[in-house]
Structures are given as structure tokens and as C-alpha cells.
Amino acid sequence: MPAALLLIDLQFAIDAPYHAAEGPRNNPEAEANTARLLTAWRAAGQPIIHVRHDSVLPDSAYRPGQPGNDFKPATAPLPGETVIAKRTNSAFIGTGLEQHLRQNGINALVVAGVVTNNSVEATVRMAGNLGFDTCLVADACYTFAKRDFTGRLHSAEEVHAMSLANLAGEYCSIADTATILAGFAETGPA
């Protein structure tokens, strides 16, 4: 079976100001790229999995019962598309994601979403460790500026690049949207 498109935490909560407290995000085109991937997967009738973060933290914009928990319209699930709710950064912890993938014969994932160095990285690491052939779409995810333990501020681009470097080769392959869609057009989904 072709790769499933796994979309992580594409909810209104990501726009909460506290995410950008140390500086702006990178990849301003990430949502448009994700929407392009989603359109291709839907047109081909291939598996799509939306991950929704249902935070248990009282101050989180991702907490259920508030607008931040809702999916953003451009990448929101359609009826019949799988939605996996998670409460930790990894979409595999305390969810039925692995079981769903195995029961449906899905061995490969194409991943997009937020935040690169948090939920995306945690999910991709576990996917690789569980033996899934995983590709992370670098320009269809993003992060924010962050300070390291010495207090030095790193731009969102630096944080994103380091996260990709941590994952590349050992846990996943890295590609951009154009490459994924070009391959998709030639042979079908990843």
C-alpha cells in the first residue's frame, strides 16, 4: 500500500502568541504546501491521517473545548478521514495510531505539521523506531525561535534545520513538497 499522509496538530492553537514568544516561525508557506499534499492524497484516494492534540494542560491553547483545539480549515479532515487524538507530543503514545497503520497494511508515512522540533520530531522518531518507512516534508512543517540551555537565542530556521538534521537518515528521509508531488505524479503516492 502507498504511504499514508500523516498531518500533525494543524489546529488554530498553533497561532497562540506564546508559541512565538522568542521570535517568529519559519516556513510561511508550510500551510499552503500541506494543503497541496492533502489535495494530491485526496485526489488519489490514498490514506490520510489527521492528528489532533488534545492538551491536558490548563493553559494550553490546544485544550479541548476552546477554539484553538479546532482544525484549521485548509487542512481540516473531511468526513471519513481518520482522526487520531493525542495528549502527548508523540502521535504514537496512548493512541491507536500504530494499530491503525498495521491493521490497514500501511508501512510508509509522509509527515507534515507542527511543531518541527516537538510533536513532529517525537512522532517521526517513534515511526522510525517502529519500522515505518517515513518521509518528513521539510517545507510543510515549521517551528519557532527558541533559546538553548545557555540562553542563546536560535532562529526558527536554525531550530528547524537542527531538528531535520537530528532526524535525517536515522529516523526518516527528508524531502520538500515539490519532490513529493513530482514523485506522486509519476508513480502514485510515495
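All of these numbers come straight from a predicted model, not from anything done at the bench.
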Walk me through it: do Asp139 and Glu29 pass the test side-chain contact (heavy atoms from CB on, under 4.5 Å)?
CA-CA 7 Å; Asp139 62 353; Glu29 72 288 349; 3.9 Å; yes
Is it the case that one hydrophobic cluster holds both [X] and [Y], taking links as side-chain heavy atoms less than 4.5 Å apart, direct or via other members?
X      : Y      : answer
Ile8   : Ile174 : yes
Val83  : Leu97  : no
Val124 : Leu109 : yes
Ile93  : Leu167 : yes
Val159 : Leu164 : no

[X] side, atom [atom1]; [Y] side, atom [atom2] - distance, nearest 0.5 Å:
X      : Y      : atom1 : atom2 : result
Leu101 : Ile106 : CG    : CD1   : 5.0 Å
Asp133 : Ser173 : CG    : OG    : 6.5 Å
Met126 : Ser90  : CE    : OG    : 4.5 Å
Lys146 : Asn118 : NZ    : CG    : 7.5 Å

Determine, step by step, whether Thr123 and Val111 satisfy the side-chain contact (heavy atoms from CB on, under 4.5 Å) criterion, reporting the C-alpha distance in whole Å, the side-chain angles of both residues, the deciding distance to 0.1 Å, and the verdict.
CA-CA 9 Å; Thr123 299; Val111 180; 5.6 Å; no
Taking every non-hydrogen atom, the tightest pair across [X] and [Y]:
X      : Y      : answer
Ala16  : Ala61  : CB-CB, 3.7 Å
Thr134 : Gly128 : OG1-N, 4.3 Å
Thr75  : Ala35  : CG2-N, 4.0 Å
Ser55  : Pro64  : O-CD, 3.3 Å

Just by distance, no angles: are the side chains of [X] and [Y] close enough, under 3.5 Å, to form a donor-acceptor pair?
X      : Y      : value
His160 : Thr143 : no
Asn166 : Ser163 : no
His50  : Glu81  : yes
His154 : Asp148 : yes

When you measure from the side chain of [X] to the backbone of [Y], do you find a donor-acceptor pair of N or O atoms at a distance under 3.5 Å?
X      : Y      : answer
Thr179 : Ala175 : no
Asn26  : Tyr142 : no
Arg63  : Pro58  : yes
Gln66  : Ser60  : yes
Glu158 : Ser155 : yes
Trp41  : Arg36  : no
Glu22  : Ala145 : no

Do [X] and [Y] make a side-chain contact, defined as non-hydrogen atoms from C-beta onward lying under 4.5 Å apart?
X      : Y      : result
Lys86  : Asp54  : no
Leu38  : Leu5   : yes
His100 : Ile49  : yes
Thr34  : Leu10  : yes
Glu121 : Thr116 : no
Leu37  : Val137 : yes
Phe71  : Leu7   : no
Val110 : Leu6   : no

Contacts of Asn129 that satisfy side chain to side chain contact (heavy atoms under 4.5 Å, CB included) - sequence neighbours left out:
Tyr171
Can you sort out the partners of Glu98 under side chain to side chain contact (heavy atoms under 4.5 Å, CB included), two or more places apart, ordered by chain and number?
Phe92, Arg102, Leu130, Phe132
With Ser119, the side chain to side chain donor-acceptor pair (under 3.5 Å) member among Asn89, Asp9, Thr88:
Asp9
Asp70 with Arg52: basic N within carboxylate O range, under 4.0 Å
no
Lys/Arg N to Asp/Glu carboxylate O, Glu31 vs Arg25, below 4.0 Å
yes
Show every ring-ring contact (aromatic ring centres under 6.0 Å, His included) that has at least one partner inside residues 5-34, sequence neighbours left out.
His19-Phe144
Looking at Arg147, I want to see if its CZ is surrounded by more than 12 non-hydrogen atoms of other residues, nucleotides or ligands under 6.0 Å.
yes
